[in-house]
Amino acid sequence: MKISNVTVYVLKTELDEPFAFSQGWVHQRAATLVQVETDNGLIGWGEAFTQGLEPPEIAAAAITHAFKPLVLGSNPLDHALLWHKMYANSRDYGRKGSVISAISAIDIALWDIAGQFYSQPIYQLLGGAQRTSVQPYATGFYRLNGKNEAERLAREACAHRDAGFKAMKVKLGFGLNDDIEVMHAISDALSDESIEIMIDTNHAYGRIEALKLGKALEAFNIRWYEEPVVPEDIEGYKELRGKLNIAIAGGENEHTAYGFNQLFKHSALDIAQPDIGSCGGITAMRDIGALAQANGVQVNPHVWGAAVAQAASLQVLASLPVTHHSLFPTEPILEYDRSSHPFRQQLITTPWQMKDGRVEIPTGNGLGIQVNMDVVEAYATQ
Ligand code: MG
């Protein structure tokens, strides 16, 4: 079996109503999808993570110009071999960011092909399912004005609760006073201590402000505090871990086992959050998971992409062992992006849904999805 073609699709659509996170305004949703075909008729799909401010064309160009020529003609079952070939060939200009997202997309597609070849879901190829369903948490609380939206965000929290979510992640990083006001409003509106809250500033602050915010919110019983400082400030992560009684999470802007190894070496994290579409795909996620396990760090994947990335993330979530074993361990939870995204779920013919507060892991071969080509073509720009 040989890889006979690699096709990239850049999907984009403008949002009717732009929204903000701490780093800027999101005006469009986009995805870089890759379709890998084999000479015996198998088709695998992958997706490169496109962060809210990231042009999807960067990963697309890396796939087309750097990696497609490297994998064409190869055996797609050699996914680890091909991962290292792509990484080694791009080391001098890659290692982080969109180049690794490009590798991630191809890697996911190769695992999808392997699953179809062996007639197994990817979690089976990863060694079996630790769980058959996962609890989702709502990611939302983006801003429509920027500041002074505490009341609206409190209503949003109630909407997530009423939709069945038992956990939700609040976007902060809009100024300490505004952040604290938002958290009080949400807490008062929910008046339900069984609902878990996570906070995410998307590295809006330096160490002093990040510490002040954490101290002000320690009483809120927060499950994790995500990206408190910039990803480069590994010592800052470690310092905050030492000073706060809140689990520190990060890693959506880190890449590969090489990158996560630095975070683990410096005891920077309680919870590692690799994104399947940018950490290096399933191959890298497996390596990062093993490293995290050996360092006593929980893994809770980040996922903010479209349906292909979500499907890949679900396969990995099925296979992740808990880090701290007990009768009632802390299980990884699924990031369920509730922000506006016109084609996220339409991309596949049978979108997954939350039922009774859980999301089932697809059991079909490979990623367990059928991509809807009409939707791909409707949003494709190249
Ligand atoms: Mg985040």
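One-based numbering, in listed order, for ligands and for the atoms of each.
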If you apply the rule ring pair (Phe, Tyr, Trp, His ring centres under 6.0 Å), what do you find for Phe21 with Trp304, and how did you get there? CA-CA 13 Å; Phe21 68 126; Trp304 206 68; 7.1 Å; no

Going by salt bridge (charged side-chain N to carboxylate O under 4.0 Å, His left out), name the pairs with one or both residues in residues 118-129, residues two or more places apart or in two chains. none

Polar side-chain atom of Asn300 near backbone of Ile333 as donor-acceptor pair, under 3.5 Å: yes

With Asp337, the salt bridge (Lys or Arg N to Asp or Glu O under 4.0 Å) member among Arg344, Lys169, Lys171: Arg344

What count do you get for protein N, O or S atoms closer to the Mg ion (ligand 1) than 2.8 Å? 3

From the options Asp287, Leu110, Thr256, Ile282, select the one residue that forms a side chain to side chain contact (heavy atoms under 4.5 Å, CB included) with Trp83. Thr256

Below 4.5 Å, heavy atoms only, C-beta onward: do Phe141 and Leu172 meet side chain to side chain? no

